Every structure is written in structure tokens, then in C-alpha cells.
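Accompanying notes for the structure given below.
Values below: every heavy atom of this structure, side chains too, minus hydrogens, waters and symmetry copies. In what follows, every chain begins at residue 1, and chains take the letters A, B, ... in the order their sequences are listed. This structure is a prediction, so every number in the text was calculated from the model and none was measured.
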Number of protein chains: 2
Amino acid sequence: MKVSTKGRYALRIMLDLAMHNSGDLVPLKDIAKRQGITLKYMEQIISPLSKAGFVQSLRGSAGGYRLARNPSEYTVGSILRVLEGPLAPTACLETDVNECPRVDSCPTISFWNGLNKVINEYVDSVTLEDLVNEETAIQSDYVI
Amino acid sequence: MKVSTKGRYALRIMLDLAMHNSGDLVPLKDIAKRQGITLKYMEQIISPLSKAGFVQSLRGSAGGYRLARNPSEYTVGSILRVLEGPLAPTACLETDVNECPRVDSCPTISFWNGLNKVINEYVDSVTLEDLVNEETAIQSDYVI
DNA sequence: ATACAATCATATAAAATCACTAGGAAAGTA
DNA sequence: TACTTTCCTAGTGATTTTATATGATTGTAT
């Protein structure tokens with residue numbers, strides 16, 4: 001029941017971009033340095049995010065990445081799903097085509113459905129903006 | 001974010017025992033036949049449940065397993081945890097000793113804490129009895 | 001006492017997943 | 001042209017998953 005590093009790192013990358021959301025492009029190298037993740041591994045993580053249209057990119061010197069939308073328009077769930085696939089707790093909930101031969105008489109399916117629901121409702125109730133606001137609130141504690 | 005077969009099978013075994021909860025001992029062979037799981041694999045799954053005191057066992061001819069308590073006294077979460085360990089979505093939430101060096105400044109920890117909470121609250125809100133009642137309700141549909 | 005039935009323990013292993021590392025190609029900027 | 005940065009693909013060691021297999025131990029019934 002663990003979220004893999006890819007999902008967790010994807011969230012950290014997107015949150016880093018959200019906290020440096022000036023409109024300028026942010027080189028991945030800078031994010032890697034801040035987050036303590038190797039550049040090469042981060043490239044693998046941001047690639048699907050780029051293909052999914054979650055970030056905009058530009059190559060070359062002064063290139064980098066930036067968010068494609070407003071931080072409030074990303075739920076954490078949507079980010080995790082790009083790297084993790086469906087967040088369903090069992091494989092039988094993932095597709096419309098139920099491959100499990102026991103599905104019609106399965107006494108546990110309603111339980112798994114319920115778990116699937118609470119997980120997805122929660123991860124989609126939190127946005128990048130929520131996390132940014134929380135973080136800046138924490139930082140201001142030090143100032144005060 | 002998947003529950004492993006051990007956790008899922010453990011739930012099916014416990015539910016099978018709950019639906020054959022006459023007080024008599026149920027041979028594992030019978031459960032294996034009903035559930036379509038090999039006896040040898042089931043032995044590995046029920047062993048931790050036995051050690052955790054979730055089921056009572058008796059060896060020998062006419063031996064088998066039965067629930068140690070009333071079905072209403074088992075939450076699904078408690079069963080899953082025996083086989084899966086903590087159901088936390090990240091390792092940093094598992095122990096009291098936080099090993100992650102970033103924990104004090106981690107902007108995502110509150111999100112993971114929240115996810116951890118909704119998952120565990122849900123799995124502990126459903127009992128074996130709930131699943132049994134649901135199943136017998138479904139079966140009675142056929143009768144009616 | 002003996003045979004039988006079941007739990008209990010341990011070893012092995014294929015397959016999949018995880019968490020990276022590495023090399024280089026392509027594209028854009030100064 | 002030199003440099004920087006993204007983009008693409010492949011490989012790799014470690015761990016986990018999902019079992020299978022063999023046999024020992026224990027208890028019940030006849």
C-alpha cells in the first residue's frame with residue numbers, strides 16, 4: 001500500500017515548480033539541487049508530466065520547465081496518477097472490463113470499492129495551491 | 001498503491017470463516033477449495049493470523065480453524081495489517097522515529113498524513129460482520 | 001497403537017517491480 | 001560555434017511478490 005518514489009517525487013517536483021511559479025522557466029538542475037534528487041532520475045519523472053501537458057518545457061540555455069496551469073488547477077491525485085497509474089487498491093477496480101472471474105459473487109468488492117472511493121476523493125480534494133499556501137504559512141511562522 | 005494478494009487473501013479467508021462460523025472447526029482444505037487458493041499458500045497466510053490470535057486452530061483429524069472472536073470484533077483494517085503491516089502510504093509515516101531528514105521542512109507531509117488518516121479510518125470502519133450481512137443480503141435476493 | 005488428517009516450518013525460485021545509473025541524441029540560446 | 005538544457009532509450013542490482021515443494025510435527029479417531 002505504498003506510493004512509489006516516482007509518485008512522491010512527481011509531487012515534490014510539481015510543488016517546487018508551484019513555489020517558483022514566476023512565469024520564468026526553471027531548469028531541472030535547480031529543482032534537483034533543492035530536492036536532493038539526481039537530475040537523471042528527475043528527467044524520467046518529469047517526462048510523463050510533460051507528455052501529459054502538466055508542465056511546459058523549453059530546451060537549450062535558459063530553458064527549463066514551468067507549470068502549464070494555475071496551481072489551483074492541479075489536484076494532487078491528478079499528479080500522482082500520471083506516474084502511478086490508477087490509485088485503485090486492487091487491480092480488479094482499474095478497468096471497466098472486469099477480468100476477475102469471481103467479481104459477480106465477490107463478497108469483498110464493495111469494501112474495495114469504498115476504499116477506492118475515499119482514497120481518490122481525498123487525493124482529489126487537495127490542490128497544489130493548498131500545499132503552497134500551507135508552506136508559505138509555515139515559513140511566515142519563522143518571520144513572526 | 002496496491003494491496004498485495006496476502007492481504008486480500010487474508011480477508012477472504014477470514015470472511016470465509018465468518019460465513020461458516022458455527023463453532024465447528026473448518027479445515028483449511030475446505031476454504032482453499034471454496035476460494036480457489038492452493039492449500040500451501042493459504043497456510044502461509046493463515047499462520048500470521050493464528051499467531052496474532054485472530055483465529056483458533058486445532059490439529060489432527062477433525063481439526064481446522066475458527067474465528068477467535070465475534071465477526072463484529074474484527075475490522076477489515078486489523079486483518080489487513082496482520083499481513084501487510086501498516087497501511088501507511090509512505091514509509092515516513094510508519095514509525096514514531098522519523099528517519100526522513102526532510103521531515104521538518106517537508107511541504108507534503110500534511111497531505112500524506114491526511115491520506116493515511118482517511119485510509120485507516122475507512123478500513124477500520126468496516127467489520128467482518130458488515131461483509132457477512134451484505135453477502136447474505138445479496139444471496140437472499142436470489143431466493144426472493 | 002496405528003493410521004490418518006491437519007498444522008507448522010523451511011527452502012527454492014520465477015517473475016515482476018523498484019529505484020536508480022548511464023550514454024548520448026536533439027534542440028535551442030548566447 | 002560553444003554551451004546548455006531537454007529528450008530518449010537501455011541497462012542493472014536489489015527487493016518484493018507470488019507462489020511451489022518437501023517434509024516434520026502434532027493431535028484425533030478408530
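Remark: P of D:dC7 and CD1 of A:Ile45 are 15 Å apart, rounded to the nearest angstrom. Taking atom NZ of residue A:Lys29 and atom C1' of nucleotide D:dT4, one finds them 8 Å apart after rounding to whole Å. Atom-to-atom, CD of A:Gln56 to P of D:dC7 comes out at 12 Å; the value is rounded to the nearest Å. Between A:Leu39 atom CG and D:dC7 atom C1' the separation is 12 Å, expressed in whole Å. Atoms CG (B:Leu25) and C1' (D:dT28) sit 11 Å apart, rounded to a whole Å.
Taking every nucleotide of DNA chain C with any atom under 4.0 Å from a non-hydrogen atom of chain A, the first and last of them, 5' to 3', are C:dA19 to C:dT29.
In this structure, the side chain of B:Asn133 does not engage the main chain of B:Asp130 through any donor-acceptor pair within 3.5 Å. Remark: the backbone N or O of B:Ser50 is not paired with any side-chain donor or acceptor of B:Tyr65 at under 3.5 angstrom.
Nucleic acid contact for B:Lys2: none, since no nucleic acid atom lies under 4.0 Å from a heavy atom of the residue. Using a 4.0 Å heavy-atom criterion, one finds that B:Leu28 contacts the sugar-phosphate atoms exclusively.
Here B:Lys33 does not pair with B:Asp16 in a salt bridge; the nearest charged N to carboxylate O distance is not below 4.0 Å.
Between A:Ser57 and D:dC7 there is a side-chain N or O to OP1 or OP2 distance below 4.0 Å.
Residues A:Leu58 and A:Met14 fall into different hydrophobic clusters, defined by Ile, Leu, Val, Met, Phe, Trp and Tyr side chains chained together at heavy-atom separations under 4.5 Å. Hydrophobic clustering (side-chain heavy atoms under 4.5 Å, transitive across Ile, Leu, Val, Met, Phe, Trp, Tyr) keeps B:Leu25 apart from B:Leu15.
Under 3.5 Å, the side chains of A:Tyr41 and A:Thr5 contain a donor-acceptor pair of N or O atoms. A donor-acceptor pair shorter than 3.5 Å cannot be found between the side chains of B:Glu73 and B:Thr127.
The aromatic ring centres of B:Phe111 and A:Tyr122 sit less than 6.0 Å apart.
Between B:Ser61 and A:Gly60, it is A:Gly60 whose nearest contact on DNA chain D lies nearer the 5' terminus. Judged by closest nucleotide on DNA chain D, A:Gly63 is the one of B:Arg59 and A:Gly63 placed further toward the 5' end. For B:Gly64 and A:Leu58, each mapped to the nucleotide of DNA chain C holding its nearest heavy atom, the one lying further toward the 5' end belongs to B:Gly64.
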Sequence-aligned protein contact record of nucleotides 10-22 of chain D, with B where the base is within under 4.0 Å of a protein heavy atom and S where only the sugar-phosphate is: B-------BBB-B

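What you find for A:Gly7 and A:Glu84 is that their closest heavy atoms are N-OE2, 3.2 Å.
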